Amino acid sequence: MDSTTRPSHAAAPVETTGHGAFSPAGVSWASGFGSPIAGGTLLALDYWNWDKKAEAGFGFAAVILATIMIAGALTFLMPVDIWPLGIWYVVVFGAYAGIGHLVAEYYQGTQFEAHLAAGGQKIADWVSAGLGVGFAIPLIYVYSLG
């Protein structure tokens, strides 16, 4: 499957529901600041607003599992004794943001474009980034416990 091919459900027509939609860039910011849980939640909200409840539930469950797996792997793979911890923050932010953007573009890129073409509104990327920070606060607390 090449990079321009999208899943069949992503090409389905989208009707505007009066709700704004999160752009792939916004999902990227949310994922970078608040982990895949934040970005996945924004994707699930888009699906929910587009009346695709099954995709919303499945997507949200998938990002919870992915976040647990990534966080667990990073816990064992981060050699903080070799590189300063600040470098790892940049690496993790970049990985989360990049993965969030790719997933959003792959699964909802066509729907997002159709939403805008049908007169739908885009939710500002700074709102997405702020939601990501909001998700990060409890995650930082949980990580600090361990």
Side-chain angles (χ1 to χ4, degrees), residues 1 3-7 9-10 12 14 16-118 120-146:
M1 181 180 285
S3 63
T4 60
T5 305
R6 300 192 194 277
H9 70 277
V14 173
T16 61
T17 59
H19 298 284
F22 296 99
S23 70
V27 172
S28 178
W29 282 108
S31 298
F33 284 120
S35 83
I37 292 176
T41 300
L42 301 188
L43 292 176
L45 286 171
D46 280 348
Y47 275 130
W48 189 272
N49 289 333
W50 292 332
D51 203 30
K52 297 181 178 235
K53 310 293 194 244
E55 287 93 339
F58 176 76
F60 188 71
V63 299
I64 296 289
L65 180 62
T67 300
I68 291 169
M69 291 172 48
I70 292 170
L74 289 175
T75 300
F76 295 108
L77 297 177
M78 287 175 49
V80 288
D81 53 334
I82 298 172
W83 288 354
L85 192 57
I87 291 175
W88 283 108
Y89 289 142
V90 172
V91 169
V92 170
F93 178 89
Y96 280 173
I99 291 169
H101 185 80
L102 291 173
V103 168
E105 186 63 39
Y106 183 78
Y107 283 103
Q108 290 187 352
T110 303
Q111 289 181 328
F112 179 73
E113 293 163 11
H115 172 79
L116 294 179
Q121 297 295 313
K122 173 189 168 197
I123 297 173
D125 293 341
W126 65 266
V127 172
S128 302
L131 291 170
V133 170
F135 273 86
I137 292 168
L139 290 175
I140 291 169
Y141 175 73
V142 168
Y143 287 138
S144 72
L145 295 176

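Keep in mind it's a predicted model, so treat the numbers as computed, not measured.
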Distance (rounded to the nearest 0.5 Å) between F60 CZ and L65 CG: 12.0 Å

Minimal non-hydrogen separation, A104 against P24, with atom names: CB-CA, 3.8 Å

More than 12 heavy atoms from other groups under 6.0 Å of CZ on F58: no

Whether W50 and Y47 hold their rings parallel, tilted or perpendicular, with breakpoints at 30° and 60°: perpendicular

I37 backbone acceptor or donor facing T41 side chain under 3.5 Å: yes

Whether D46 side chain and F22 backbone form a donor-acceptor pair below 3.5 Å: yes

Gap separating the OH atom of Y107 from the CG atom of L43, nearest 0.5 angstrom: 10.5 Å

Which atom of H115 lies closest to which atom of A21, heavy atoms considered: CD2-CB, 3.5 Å

4.5 Å side-chain heavy-atom contact, F135 and S35: no

Derivation and outcome, side chain to side chain contact (heavy atoms under 4.5 Å, CB included), residues D125 and S23: CA-CA 7 Å; D125 293 341; S23 70; 2.8 Å; yes

Reported CG-to-CD1 distance for the pair N49 and I123, which is rounded to 0.5 angstrom: 7.5 Å

CA sep, side-chain torsions, deciding dist, call: F112, E105, side chain to side chain contact (heavy atoms under 4.5 Å, CB included): CA-CA 9 Å; F112 179 73; E105 186 63 39; over 6 Å; no

Gap separating the CD atom of Q108 from the NZ atom of K52, nearest 0.5 angstrom: 9.0 Å

G100 to V27 - nearest heavy-atom pair and separation: O-CG1, 3.7 Å

Expected output: side-chain S31 to main-chain P36 donor-acceptor under 3.5 Å: no

Nearest heavy-atom neighbours spanning A56 and A44: CB-O, 3.4 Å

